[in-house]
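For reference, the structure is listed below as structure tokens.
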Amino acid sequence: MIESSAPPVTSLYVHVPFCAHKCEYCAFFSEASSGELINRYVGALIREIVLVAHDLKPRTIFFGGGTPSILNLRQWEQILKTMERLNLLGAEEWTIECNPATVSLDKAKLWRDHGINRISMGVQSLDEKLLDRLGRIHSREQVFKSFDTLRAGGFDNVNIDLMFAIPGQTMVVWRETLREALALGSEHLSSYEVIYEEDTPLFAQLQAGEFDVDEQLACDMYDELVATTAAHGLAQYEIANFARDRRITKDESRLTNGTAPVIPAFASKHNVNYWRGGSFYGLGPSATGYVRGVRAKNWSNSVLYCEQLEKDKRAIESREELPPLSRAGETAAFGLRMNAGWPFEEFRTVTGFDLRSDWAGEMNRLTQQGWGRADTERFQLTPQGLRFADTAAAEFLRV
Ligand code: SF4
């Protein structure tokens, strides 16, 4: 039961598990699906929203996937009307993930009219051959067209997702993709190295020896990413995330990198909440939520998800409550992904533990190694440490 005195949760993630086609590298829970299952999902999601609405006052909302933009206008209207009726509109930041092939001006306008104010567009590459290699359904031209459509629809906060170290991608191609993507002038850019997840076609091709992984090239591409984004006025605030601190005018194609703010104005507030150990509800098949120390994961099965909700039951597969020290260790590890690291006082407020006493040994080791630095206010990873952030952060985990 929710304690009556607990303030409502201020962050909401909704998973839309449908895509037009499954990409070669994708290990997210998503499926290419029929209109009928999508309709059933929308009905179930509405029931799930109703079940948690009394404990929600969203400051940030993120519809991810999958491909949320695959839902049609009518399905979006149903979801948004429900949220309006339940008083869930008005989030400070509300993001919808889009595939460039499924953006339309009508949808963009409907979203803007209901308070959605940020779009995250999965571009991945601007090279036709690589888009094909990845199994993406969109063309490079659709990226430019959809970006213009989103701007015309009123979106002035757009993220672009790119991938690097794609098999067959050379440094020349990566530089050109970065140049073209940054020329769009988006407020935010996320970029991840390709990951070879088991049970994906790309992993099977790697196992079959169809291509090799060039780790040095991947490192060089990452360095290129960090340098080029900085030269275009996007400040890195997390290993893979870069944002502007102010909106640029159309004429400003290049900005020099001034003093980077710790967390730039266009950073994803929703993701910062994750990295800072905040609570959030996770709705939809396979979604994970974290509310007041309890992690709950929904079934990764759309039909089962619908069946549960049709009985007005949450579709939760598992719940886990970590002991406070383990939870604090995880929170430390997540937060160190950010360039700002952890301000000691903020960490103490969030977790009840003090990094300076409970993780002094780990912080010293990382500092001596050149991966971390501490001052009176905070502990943070150095640029060298950020390259190996997963290894560095793992030091903070406590079982
Ligand atoms: S669009 Fe995204 S979620 Fe869908 S298959 Fe491709 S990578 Fe996976």
Side-chain angles (χ1 to χ4, degrees), residues 13-35 37-38 41-42 45 62-72 75-76 95-104 107 111 118-147 149-150 158-169 177 181 186 188-206 240-241 268 270-271 274 282-288 297-303 305:
Y13 173 78
V14 176
H15 193 75
V16 182
F18 304 107
C19 293
H21 170 265
K22 191 82 184 165
C23 299
E24 298 283 294
Y25 56 89
C26 179
F28 296 116
F29 178 67
S30 70
E31 53 192 325
S33 196
S34 67
L37 183 58
I38 300 183
Y41 157 84
V42 170
L45 174 65
F62 196 106
F63 276 68
T67 307
S69 55
I70 209 171
L71 302 186
N72 61 33
Q75 291 158 339
W76 272 113
T95 305
I96 292 182
E97 274 185 347
C98 287
N99 182 302
T102 48
V103 169
S104 73
K107 270 185 222 173
W111 293 335
R118 185 172 184 269
I119 295 291
S120 179
M121 189 156 72
V123 171
Q124 315 313 350
S125 179
L126 287 166
D127 181 89
E128 289 291 4
K129 277 202 201 113
L130 291 180
L131 287 172
D132 210 42
R133 180 80 185 77
L134 293 171
R136 303 287 300 174
I137 57 159
H138 62 86
S139 65
R140 52 177 271 118
E141 281 318 312
Q142 275 173 319
V143 171
F144 302 123
K145 206 171 147 252
S146 294
F147 192 86
T149 302
L150 292 168
V158 178
N159 169 55
I160 285 180
D161 266 350
L162 292 180
M163 252 179 194
F164 63 92
I166 304 166
Q169 187 181 34
T177 292
S186 67
H188 194 284
L189 186 123
S190 303
S191 187
Y192 297 89
E193 181 177 342
V194 167
I195 300 174
Y196 298 95
E197 305 262 17
E198 277 187 48
D199 296 329
T200 62
L202 207 61
F203 181 78
Q205 291 158 21
L206 177 66
N241 285 281
S268 160
H270 186 81
N271 287 340
Y274 290 152
L283 310 184
S286 83
T288 298
K297 187 179 181 306
N298 275 355
W299 289 101
S300 298
N301 177 323
S302 301
V303 172
Y305 169 83

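Start at 1 and go down the list; that is how both ligands and their atoms are numbered. All figures in this text were calculated on a predicted structure; none of them were measured in a lab.
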(request) Identify, for atom 2 (Fe) of ligand 1, the protein heavy atom at the shortest distance, and state residue, atom and that distance. (result) R136 NH1, 4.0 Å

(message) Tell me the protein heavy atom at minimum distance from atom 7 (S) of ligand 1, and give that distance in Å.
(response) Y25 OH, 3.4 Å

(request) Check the side chains of S302 and E31 for a donor-acceptor pair under 3.5 angstrom, ignoring hydrogens and angles. (result) yes

(message) Under the salt bridge (Lys or Arg N to Asp or Glu O under 4.0 Å) definition, can you give me all pairs with a residue in residues 122-140, not counting sequence neighbours?
(response) R140-E180

(message) Quick check: do I96 and W76 have side-chain heavy atoms less than 4.5 Å from each other?
(response) yes

(message) If you define the side chain from C-beta out and look only at heavy atoms, does anything of F164 sit under 4.5 Å from T177?
(response) no

(request) Return the set of protein N, O or S atoms whose distance to atom 4 (Fe) of ligand 1 is under 2.8 Å, each given as residue and atom. (result) C19 SG

(request) Using the six-membered ring wherever Trp is involved, compare the ring planes of H270 and Y274 and label them parallel, tilted or perpendicular (cut-offs 30° and 60°). (result) perpendicular

(message) Going by side chain to side chain contact (heavy atoms under 4.5 Å, CB included), name the residues that satisfy it together with A32, two or more places apart in sequence or in a different chain.
(response) none

Could you go through residues 189-196 and list every donor-acceptor pair under 3.5 Å that involves a side-chain atom there, pairing it with any protein atom two or more places apart or in another chain?
| unit_1 | atom_1 | unit_2 | atom_2 | d |
| --- | --- | --- | --- | --- |
| S190 | OG | N159 | OD1 | 3.4 |
| S190 | OG | N241 | OD1 | 2.6 |
| S191 | OG | L162 | O | 3.3 |

